[in-house]
Structure formats: structure tokens, C-alpha cells
Amino acid sequence: MGCTANDVAAALRAAADTVTEHCAELTDLDRPIGDADHGENLKRGFEALVETLDEAVPETPGAVLKVAATTLISKVGGAAGPLYGTAFLRAATAVGQAAELDASTVAAALNAGLDGVVARGKAEVGDATMVDALKPAVEAARAAKDDGVAAVLSAAADAADEGATSTKQLVARKGRASYLGQRSVGHLDPGARSTALLLRAFAEAAR
Amino acid sequence: MGCTANDVAAALRAAADTVTEHCAELTDLDRPIGDADHGENLKRGFEALVETLDEAVPETPGAVLKVAATTLISKVGGAAGPLYGTAFLRAATAVGQAAELDASTVAAALNAGLDGVVARGKAEVGDATMVDALKPAVEAARAAKDDGVAAVLSAAADAADEGATSTKQLVARKGRASYLGQRSVGHLDPGARSTALLLRAFAEAAR
Amino acid sequence: MKKIINDPATVVADSLRGLAAAHADLVRVEYDPNIVVRADSPARGVSVISGGGSGHEPLHTGFVGPGMLHGAVPGPVFTSPTPDAVQAAISATTGEAGALLVVKNYTGDVLNFETAAELASAEGLDVRTVVIDDDVAVMDSTATAGRRGVGGTVLLEKIVGAAAERGDDLDAVESVARAVVERVRSIGVALTAPTVPHVGEPSFELGDDEVEFGIGIHGEPGRERLPIEPAQALAERMVSAIVDDFPLGEGEDVLLFTNSMGGSPLLEVYLAHGIAERLLADRGINVVRRLVGPYITSLEMQGISMTILRMDDRLTELWDAPVKTPALRWGM
Amino acid sequence: MKKIINDPATVVADSLRGLAAAHADLVRVEYDPNIVVRADSPARGVSVISGGGSGHEPLHTGFVGPGMLHGAVPGPVFTSPTPDAVQAAISATTGEAGALLVVKNYTGDVLNFETAAELASAEGLDVRTVVIDDDVAVMDSTATAGRRGVGGTVLLEKIVGAAAERGDDLDAVESVARAVVERVRSIGVALTAPTVPHVGEPSFELGDDEVEFGIGIHGEPGRERLPIEPAQALAERMVSAIVDDFPLGEGEDVLLFTNSMGGSPLLEVYLAHGIAERLLADRGINVVRRLVGPYITSLEMQGISMTILRMDDRLTELWDAPVKTPALRWGM
Ligand SMILES: Nc1ncnc2c1ncn2[C@@H]1O[C@H](COP(=O)(O)OP(=O)(O)O)[C@@H](O)[C@H]1O
Ligand SMILES: Nc1ncnc2c1ncn2[C@@H]1O[C@H](COP(=O)(O)OP(=O)(O)O)[C@@H](O)[C@H]1O
Ligand SMILES: [Mg+2]
Ligand SMILES: [Mg+2]
Ligand SMILES: [Mg+2]
Ligand SMILES: [Mg+2]
């Protein structure tokens with residue numbers, strides 16, 4: 001029933017595939033309101049992560065998440081690198097040495113990830129960042145934590161999708177898009193979109 | 001019957017009008033095979049010449065031609081400036097102190113102008129330069145020298161037109177167009193075209 | 001996209017190889033992670049390190065050498081380098097006296113450089129960061145990520161480098177840095193968009209007679225899109241944006257830096273500079289030092305930026321101090 | 001056309017005003033006719049003067065100053081200055097020791113500068129001309145106006161300026177100049193066309209994946225139009241064109257100058273330079289000096305040129321001599 005280290009690794013590989021598939025889309029989202037690199041940044045990081053996992057999958061889910069964290073911090077760059085990196089680092093700490101992750105640990109890990117992003121980036125819901133996808137995801141995950149890992153992640157992914165979509169109406173207040181002021185309205189935030197994509201990949205992998 | 005200083009000045013003004021009118025055309029001819037400035041160069045020179053003539057028209061035809069020479073040398077620049085300047089300088093010398101120019105003096109002046117261009121630029125007929133217009137013009141002028149100034153200039157203009165057109169078939173061997181080698185074939189030489197235009201303006205003015 | 005490159009993925013390292021070959025007397029380049037450090041071994045004073053996304057050359061790699069930077073950390077094109085690269089530059093250059101990291105205010109740069117500084121501090125080094133945010137185009141900095149670091153960065157690196165070179169300690173170097181950050185303002189304008197190699201298309205669309213006023217150095221949008229206007233009006237708009245923001249008063253001494261964003265001919269850059277000098281003179285502001293040319297660029301983007309630094313004797317002395325780098329050189 | 005200018009008709013003088021303001025310590029500008037001369041009054045040795053159409057900045061105006069040019073004569077954009085302007089520069093700088101005019105081999109420049117030299121000689125000054133024709137793109141120079149003067153001009157002006165600065169007489173300066181002309185070769189490539197301000201449209205059309213190989217500095221056509229290829233192949237093509245033309249043999253010492261035509265980012269220019277260094281090393285040719293950057297440009301044209309100068313001790317000493325101009329500066 002729970003997630004092993006290999007399951008987490010598989011979810012990360014699925015995430016890497018998604019990033020590759022949506023690379024152009026993410027970069028295109030980053031074009032009008034940013035610097036047109038979000039897809040490339042994530043692709044560089046997730047490709048490196050897959051290479052590392054190809055060599056050896058660490059023993060525990062926590063160790064896998066830590067490898068993801070350090071790889072993303074050192075490979076992604078930009079704003080997204082330290083933010084996603086910190087999210088995985090906090091998630092790794094949250095799950096500790098457990099050999100398998102149950103639904104409520106997964107929900108707690110997501111929550112820890114969110115806290116990490118907020119600690120570093122200081123964004124709030126409504127600022128049109130990845131937080132707009134991640135915060136509702138964390139809340140939905142917590143609500144579904146009695147229904148199993150797959151349900152937690154699928155609820156998180158659904159909520160993240162909706163949260164990401166909401167950034168379209170928002171005036172960006174953090175990151176590069178904030179330089180646009182009112183002109184940022186009407187654009188989906190690339191980081192919110194990538195958060196939703198990653199969570200969807202995790203959810204699919206957990207089915 | 002002969003050309004006075006004022007007639008020469010009027011012919012130069014007519015030439016200036018022609019240059020202004022055909023400025024874009026000359027520059028366009030200079031675009032594919034040169035540096036897209038021939039029209040501008042001549043316009044700068046002839047406008048300055050008209051300004052000078054507006055202040056005062058010198059007493060003799062020779063003196064008017066000399067003013068044209070020094071103005072063109074100092075204002076046109078490029079290859080065309082020294083070449084046309086030298087042509088007018090030699091023409092001025094050829095007509096000397098005469099108060100009026102008769103047909104054979106006009107033909108001789110054209111011949112002296114050609115000699116000046118060749119002395120400086122060392123081009124021969126067939127090199128796809130202004131010489132391809134000027135040389136036949138000089139010959140036609142000489143042949144018509146018993147028929148009056150207007151006939152001399154109109155014969156020269158006709159021959160120059162034909163000569164200019166002939167440059168279309170030629171491989172350029174002098175000036176910037178020569179860098180093109182075979183690729184210069186099919187293009188009318190801008191300097192040959194401007195020579196034909198100037199002679200046509202003189203001919204019209206003399207009618 | 002037409003570019004003189006082999007592969008978008010290796011463009012930064014490939015270019016660094018050329019820098020290394022061209023300036024072996026001044027810089028040493030290490031790869032993977034990519035860093036550029038001084039070729040000589042300077043007396044171990046404070047080291048000054050900067051970096052950020054590539055594509056702004058000569059910033060920062062062209063400013064490594066005596067009197068300016070000890071190390072530069074070139075990230076991928078328009079993307080901040082990661083903390084491990086910054087750490088490598090710190091390790092290669094920093095001793096007891098510590099290091100100052102000059103960071104342009106972009107979320108990515110700040111997060112990555114601060115992470116590196118934290119990690120270095122954890123190893124017992126005294127590493128501090130100064131964040132430069134001189135772009136007046138960003139009007140309300142409370143509702144945004146704050147003003148961006150742009151042209152002022154060049155002046156900051158020169159002046160801080162001179163302070164370190166003469167032996168100032170880290171407190172003193174840091175205080176000079178903060179003084180410059182407080183006293184410098186910039187504004188940019190773009191006529192065309194840059195094309196990031198791995199993207200392959202221009203970063204934004206601009207009409208045939210539009211300019212983007214208040215552009216950043218990554219093709220981020222500016223304050224507003226305007227119809228192209230004569231240089232006189234454009235320079236007036238730029239000078240006003242800066243002078244009014246300070247605000248600068250009559251009788252003040254300034255350094256005026258007119259910068260090419262990369263693709264604009266020097267003919268135009270000097271032309272704009274000349275107008276700006278006269279506009280400042282008209283306001284009774286004394287231009288006592290100047291810098292003109294492509295020093296902080298945005299790939300092939302056409303456009304210019306103007307930067308004004310309020311000068312005092314201390315800054316003037318540091319500005320005039322000798323410098324010997326690939327891109328900025330005088331007095332030696 | 002989008003440019004930062006007021007009026008195409010005044011663009012050169014407007015830009016010179018900016019140059020004058022930015023570098024009052026180095027140059028003095030006179031207008032109508034436009035000339036740029038050294039701000040200091042050098043000991044009256046031989047003066048070195050150059051000029052030509054504008055739009056190639058920093059060439060020539062940015063090279064006026066101690067150790068390089070005494071005077072520069074900027075014509076209209078891409079059009080030779082007229083003899084009266086050249087004469088003005090001669091009068092302003094030339095004494096008993098005479099002057100050498102450095103002329104790029106274009107029909108217009110040659111005719112106008114030679115006319116000026118003749119007029120100056122008639123006034124009793126010893127004024128000579130050296131014509132530089134280093135562009136190997138022009139293959140058969142008997143069927144043409146001859147090879148064009150391009151990148152080699154920068155090296156020639158630096159070296160000849162150094163010879164004049166150390167006090168060589170006109171014979172010696174002229175002989176150094178002729179040695180450089182014999183020993184230097186260049187080739188250029190364009191990715192985009194320049195737009196002349198008073199024309200308002202690009203000087204030529206180039207497809208989205210075409211380059212013009214063997215381009216001149218005025219947008220004159222080159223040897224051939226090629227599909228864009230990786231930098232490695234392009235650099236190989238350029239290096240071969242030069243090396244085979246000399247031909248250059250193993251063990252020879254050279255200066256390698258990789259030049260930006262104006263609009264290409266420094267990132268790409270260094271990248272190409274790095275490849276060329278390795279290609280020369282592969283052939284056993286020693287690169288002993290190098291210059292990289294935008295020094296002889298064609299407005300905003302994207303592209304690069306490469307220039308190779310065969311060095312000997314005499315030329316190396318002159319190259320290394322101090323120079324202090326707006327665009328080239330070392331040793332002082
Ligand atoms: N302060 C912040 N807090 C949370 N997320 C942020 C913050 N700043 C930026 N982001 C996220 O990062 C995304 C951009 O990432 P990316 O394009 O990779 O980095 P960069 O903006 O440095 O190029 C934005 O779409 C946004 O979701
Ligand atoms: N050596 C030469 N002899 C005669 N005419 C020449 C020579 N070189 C160039 N020309 C003429 O000059 C014309 C170009 O003039 P212009 O465009 O004003 O000068 P530039 O080529 O310097 O820009 C050519 O079309 C040609 O007719
Ligand atoms: Mg981005
Ligand atoms: Mg021309
Ligand atoms: Mg980025
Ligand atoms: Mg011309």
C-alpha cells in the first residue's frame with residue numbers, strides 16, 4: 001500500500017518525462033511574463049536527476065527525495081531551482097528514515113515542501129507563483145489523507161490544476177512576472193503550471 | 001546660339017532636379033552591387049551646388065563648371081565625387097575663358113571630362129562604370145558638333161542611355177560592384193545611369 | 001535563429017574557452033561548474049565575486065582581473081548559476097579576509113547566491129552578499145520582486161573591486177558597496193528582442209516602430225511600449241526617469257554611463273550619450289566621469305541603457321583607480 | 001528602420017558630440033568638416049591619420065589618442081570623407097615630420113585621400129598614403145578594384161601609431177606600414193544586413209538560414225551565400241581562407257584578431273575565437289597575440305571577421321607599446 005524508495009524514484013522519472021514533454025509549453029508560458037527558460041531549467045534538472053537515479057536508487061524514500069533536492073538545487077538554476085530544491089529538501093526531512101510512505105506522510109511531505117517554498121520565496125497565495133498551485137494542493141492532500149497515497153496525490157493534482165489556472169486572473173507580485181504589473185494579468189504562471197504538472201505525474205505514477 | 005554662364009548654371013540646376021527626382025532609383029541601383037548611397041551622394045553635392053549658384057553665378061561658363069567641380073569634390077564623397085569633380089574640372093579647363101560655348105566647345109568639354117574620369121579611375125569601356133555611358137556620349141557628341149549645342153547634348157544623352165543600358169550585361173571590373181564578379185551581371189551600373197541622367201538633363205535644358 | 005554557435009547546450013562553456021585563450025594573462029577558466037578567476041594570485045585581501053546568467057557579456061566574466069573582480073560565475077544564458085558554481089568561485093578565491101558577492105536583484109540570482117553564501121559561511125568563511133537594484137523602470141517595488149539590478153552593476157563591480165584591491169577589509173568593502181547601491185539608478189530601452197540560443201525565437205515581439213521603455217536585461221518587459229521617437233526625446237525620457245527618481249539636484253556631481261544593450265551601433269550609443277550630457281548640463285548637474293559602450297548587454301538586443309551614479313571624492317578615487325580586465329582597462 | 005538618432009542627415013556630427021563629451025581627455029572634435037584629433041599636443045613627430053565612411057565605430061574615431069592615431073576623418077555613413085575634410089585633419093596635426101594617411105582600399109577612399117594628399121603636398125607638407133587591402137574574400141584582384149581594407153586596418157593603425165609615437169621618421173613609419181599591409185589577411189561573414197540611416201532599409205536580403213561569406217564592411221556582397229553551419233565549420237572555413245591565401249606555415253607566429261561586425265553578441269565572438277585558436281594550434285601556428293571584440297563594425301550587422309597578422313619581434317614590440325584611446329587602451 002505505501003510508497004517505497006523505488007516508487008518515489010518511479011514518480012520522479014514520470015515527472016521527468018512530463019517535464020520533457022511540456023518543456024516547450026513551460027518555456028512559452030515564461031516568454032511573455034518572464035525570460036523564456038522555465039521549461040529548459042526544469043528539463044536540465046530532471047534529466048540530471050534521472051541520470052543519478054539510473055546509477056543507483058538510494059535506500060529510503062527520504063534519501064531519494066534528498067537526491068532530488070540537491071540535484072535540482074545544483075542543476076536547475078533560476079528561481080525555480082532553489083525553490084523546488086528547498087521543497088524536496090524539506091519533504092525529505094519530513095519523511096525521515098521511513099522505508100515506506102503512507103498517505104498521511106505523503107500529505108505531510110507536501111506540506112513541508114510548501115513551507116520550504118514560502119520560507120525561501122516569501123510568496124503568498126494570490127501573488128501568481130507556484131504557491132498558488134502548491135498551497136491548495138497541500139490542503140486537498142490533507143483532506144484526502146485517509147483515502148490512500150493515490151487519492152492524496154490525485155486530489156493534490158486536481159487542486160493544483162485549479163490553483164494554477166487561477167493565476168491567469170492575478171497580478172503577479174513575485175518573481176520576474178511582477179515587473180509587468182497589470183500586464184501580467186491573463187497569463188498562466190509557468191511555475192504554478194509546472195507544479196501542477198509534477199503533481200499530476202506523481203499522481204499517475206501512484207495509481 | 002551658344003551657351004552663356006547662365007545657360008550652364010540652368011543646365012546644372014536641371015541636373016540637380018533630375019538627381020533629386022531619381023535619388024531613390026540611383027540608391028536602389030547601388031544597393032545590390034554597391035553600398036546603396038549613390039543617389040544620396042549626388043543629391044548632397046548637387047543641392048550644395050544649387051545653393052552656391054543661388055548666391056551668385058560666376059561670370060563665365062568655365063567658372064561655373066569650376067564651381068561645380070570644387071563643390072562636387074567637397075560634397076559628394078565616395079568614388080563618384082572625385083570622378084565627377086575631376087570631369088567638371090577638366091571640362092572647365094577645356095572651355096577656358098570663353099563667354100559662350102559653341103557646339104564644338106561643348107563636345108570638347110565632354111571629351112575633357114571623360115579624360116579626367118579615366119585618368120583618375122583607370123576604367124575602360126566594358127568595366128561597367130560611368131565610363132560606359134560617358135565614352136559613347138563623347139563620341140556621339142563629337143559626331144554631332146556641327147548641328148548645334150542642343151543636338152550635341154541630345155546625341156550625347158542618347159548614346160549615354162544606350163551605353164548605360166549596356167552595363168547590365170557586363171561583369172563589373174572597377175568600383176565596389178567589381179567585388180561581385182559574375183554576380184554583377186544583370187545590374188545597371190548606378191554611375192553609368194547617373195551619367196546618362198545628367199546628360200539628359202543638360203540636353204533638355206539646352207533645347 | 002542564426003547564431004555563431006555549435007550547440008545551444010554548450011554555448012557558455014564554448015565561449016569561455018575563447019575567453020580563456022584570448023586573455024590567459026588575466027583570467028583562468030574552470031569548467032563544470034563554470035567559473036572565471038584571476039590568473040594572478042593576488043595578495044589575499046577581500047575577494048569580490050559576481051555572476052549571474054550569461055548573455056550579458058562583458059558582464060561579469062570580462063571584468064575579472066586586477067582592480068575589479070576576483071571571480072565571476074557565468075550561469076546558463078539568462079539563468080542564474082547554481083549555488084555549487086558560486087561555491088566553487090568562493091573556494092578558488094577566498095581566504096581569511098572573506099568575500100563579497102555582488103548579486104543583481106532577480107529572484108533566481110538572490111536565491112542561488114544567498115544559498116551559496118550560507119553554505120560558505122557554514123564552512124567558516126566570512127562571505128556576504130550585496131544586492132544591487134538600480135532599475136527605476138520598476139516603479140512600485142513593494143508590489144514586485146523589487147527593482148532589478150542592471151547597469152549600476154558595472155559601476156559597483158569596478159568601485160568595489162578597487163576598494164578590495166587597495167586592501168580595504170570586508171566591512172569597508174561592504175560599506176562602499178552599499179553606498180554605491182544607494183547612489184545609483186538606471187533605465188533601459190529596447191528596439192529589438194534578444195534570442196536565447198536554447199529557445200531559438202525572440203524573447204518578445206515588438207512592432208516595426210515600437211520600443212520597449214524600461215526594459216530589463218533579459219528581455220523582461222519594461223514600463224511601457226512606445227512608438228519610436230527621435231533620440232532627443234528618448235534621451236530626455238530616460239534622463240528624466242532617473243533624475244526624478246533620485247531626485248537629483250543642481251550642482252551634484254555624477255558619473256554618466258551610457259550602455260549599449262549589445263546590438264546597437266556605437267554611432268547611436270555615443271549619439272544618445274551626447275544628448276544626455278547636454279540634458280544633465282541643462283539641469284545644472286555636473287558629469288564628472290563617464291563610461292560609454294557595451295558593458296552590460298542582452299545578447300544581440302538593440303537598445304541602450306543609461307545609468308547615473310552620484311559621485312563623491314571617495315567614489316571618484318575608486319573609479320579612477322587602475323583596472324586591468326578583458327573589457328575595462330586603464331592605468332595599467 | 002528603428003534607430004536611436006534624430007535625423008539621418010546629422011547622425012555623424014550628432015554622434016561625434018557624444019564622443020567629444022565622453023572623451024574630452026583624449027580627443028578634440030571639429031565640425032564641418034568633421035574631424036577628430038588628439039586632445040593633447042604631441043611632440044611634432046610624424047602624424048598618423050586615417051578615416052573613411054562612418055558606421056564602423058570604434059574605427060577610426062575611437063582610435064585617436066596617444067600611441068595610435070593623431071587624427072581621424074569620419075565621412076558620412078559608409079561613404080568616404082571628401083578631400084577638404086582630410087586636408088583639415090592634415091592641417092590640424094601635421095608638421096615638418098609629415099604625415100602618413102592610412103587608407104582602406106575602396107575606390108572612393110583612395111580617390112578622396114589621394115586627392116587630399118596631393119593638395120597637402122602642393123602646400124609643401126610631406127604626406128604619404130598607405131593603402132590597406134587585406135580582405136581575402138576578393139579572389140581575383142586584377143579583375144576588380146582590388147582587395148578591400150577590413151580588419152587589418154585596426155592592427156595597422158595600432159602598430160603604425162606606436163612607431164610614430166616612439167619617434168620614427170616618416171620613411172620608417174611608412175616602411176612599418178607597408179610591412180603590416182604585406183603580412184595581414186582577413187575574412188568576414190555576415191548573418192544579417194546593416195541598415196544605413198539615410199537609406200532606411202537593410203543593405204541586402206539574407207534568408208533565415210543563410211550567411212554571406214566574405215562580406216565587406218559596408219554590406220557589399222561576399223564570396224558566396226551559404227546555409228548557416230555550426231561555428232566549428234564556419235571558423236574552419238574562415239581560418240582556411242586566410243591560412244591558404246598567405247599561405248601560413250607551421251611554426252609561424254601570428255596575431256589573431258576576432259572581430260564582431262557590430263550586432264553579434266560577445267558570447268558568440270569569443271566562442272568563434274576559441275575555435276580559431278584551436279584550429280591554428282592544430283596547424284602548428286603559434287598565436288602570440290590576440291584581439292577580440294567589436295573594433296571594425298558595419299553598423300548593427302551581425303557577423304564576425306577574422307584577421308591574422310604574421311608577427312615578428314619588431315611588430316610585437318610595436319603592438320605591445322602603450323596605447324590610450326577611447327576604444328583601445330593598455331599600458332597607460
Ligand atoms: N518568490 C517566489 N516565490 C515562489 N515562487 C516563485 C517566486 N519567484 C518566482 N517563482 C516561481 O518561479 C517561476 C519561474 O521560474 P524560472 O523561470 O525557472 O526562474 P527565473 O524566473 O529565474 O527564470 C515563476 O513562474 C514562479 O512560479
Ligand atoms: N574606377 C572607376 N572608374 C570610373 N567609374 C567608377 C570607378 N569606380 C566607381 N565608379 C563609378 O562610381 C559609381 C559609384 O559611385 P558611388 O556609389 O557614389 O560611390 P561609392 O562606390 O564610393 O559608394 C559606380 O557605379 C561607377 O559608375
Ligand atoms: Mg524564467
Ligand atoms: Mg555607392
Ligand atoms: Mg531565468
Ligand atoms: Mg559609398
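In what follows, chains carry the letters A, B, and so on, assigned in the order in which the sequence lines appear, proteins first and then strands, with residues in each chain numbered from 1.
The greatest number of non-hydrogen atom pairs below 4.5 Å with chain C, out of A/G77, A/G78, A/A79, is found for A/G78. Interface check for chain A: of the options C/D135, C/D109, C/T82, the most heavy-atom pairs under 4.5 Å are formed by C/T82. Note on C/E114, C/E205, C/R223: by heavy-atom pairs under 4.5 Å with chain A, the leading option is C/R223. With chain A as partner, the option from C/P33, C/P83, C/A137, C/A9 having the largest number of non-hydrogen pairs under 4.5 angstrom is C/P83. Comparing A/R183, A/K174, A/K122, A/K75 by heavy-atom pairs within less than 4.5 Å of chain C, the highest count is held by A/R183.
Counting only N and O atoms by type, the side chains of C/S186 and C/D134 include a donor and acceptor under 3.5 Å apart. In the model, C/D14 has a side-chain atom that pairs as donor or acceptor with a side-chain atom of C/T10 under 3.5 Å. Of the N and O atoms on the side chains of A/T4 and A/D7, at least one donor lies less than 3.5 Å from an acceptor on the other residue.
Near-neighbour residues of residues 11-27 of chain A relative to chain C, defined by a heavy atom under 4.5 Å from a heavy atom of that chain, comprise A/T27. Of residues 37-63 of chain A, those residues with a non-hydrogen atom less than 4.5 Å from any non-hydrogen atom of chain C are, in numerical order, A/D37, A/E40, A/N41, A/R44.
Heavy atoms closer than 4.5 Å to chain A are found in both the backbone and the side chain of C/E201. The contact between C/P76 and chain A is made entirely by side chain atoms (from C-beta outward), counting heavy-atom distances below 4.5 Å. Only the side chain of C/D84 comes within contact range of chain A, with at least one heavy atom under 4.5 Å from a heavy atom of that chain. There is no contact between C/P8 and chain A, counting heavy-atom distances below 4.5 Å. With a 4.5 angstrom heavy-atom cutoff, A/V171 does not touch chain C via any of its atoms.
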Legend entry - Verdict with supporting geometry, C/I132 and C/V184, side-chain contact (heavy atoms from CB on, under 4.5 Å): CA-CA 9 Å; C/I132 163 110; C/V184 70; 3.8 Å; yes
Inset, instruction - Check the pair C/E300, C/K3 against side-chain contact (heavy atoms from CB on, under 4.5 Å), reporting the backbone distance first and the verdict last. - result: CA-CA 10 Å; C/E300 65 276 81; C/K3 290 189 178 286; 2.5 Å; yes
Inset, instruction - Run the numbers on A/R193 and A/D161 for side-chain contact (heavy atoms from CB on, under 4.5 Å), then give the verdict. - result: CA-CA 7 Å; A/R193 173 70 177 139; A/D161 265 342; 4.2 Å; yes
Inset, instruction - Test C/T115 against A/R120 for side chain to side chain donor-acceptor pair (under 3.5 Å), laying out the working first. - result: CA-CA 10 Å; C/T115 303; A/R120 289 235 76 133; 3.0 Å; yes
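The ring-ring contact (aromatic ring centres under 6.0 Å, His included) test applied to C/H60 returns no partner, not counting sequence neighbours. For C/E224, there are no salt bridge (charged side-chain N to carboxylate O under 4.0 Å, His left out) partners at least two apart in sequence or on another chain.
The pair A/D115-A/R90 does not count as a salt bridge, with every side-chain nitrogen at least 4.0 angstrom from each carboxylate oxygen. Ion pairing of A/D158 with A/R200 is present here, as a side-chain N (NZ or NE/NH1/NH2) and a carboxylate O approach within less than 4.0 Å.
When each of C/T129, C/L156, C/V131, C/V181 is paired with C/V102, the side-chain contact (heavy atoms from CB on, under 4.5 Å) condition holds for C/L156 and for no other.
Taking the six-membered ring for Trp and thresholds of 30 and 60 degrees, C/F78 and C/H56 have nearly parallel ring planes, at less than 30 degrees apart.
The number of heavy-atom neighbours closer than 6.0 Å to CZ of A/R173, taken from other residues, nucleotides and ligands shown, is 12 or below.
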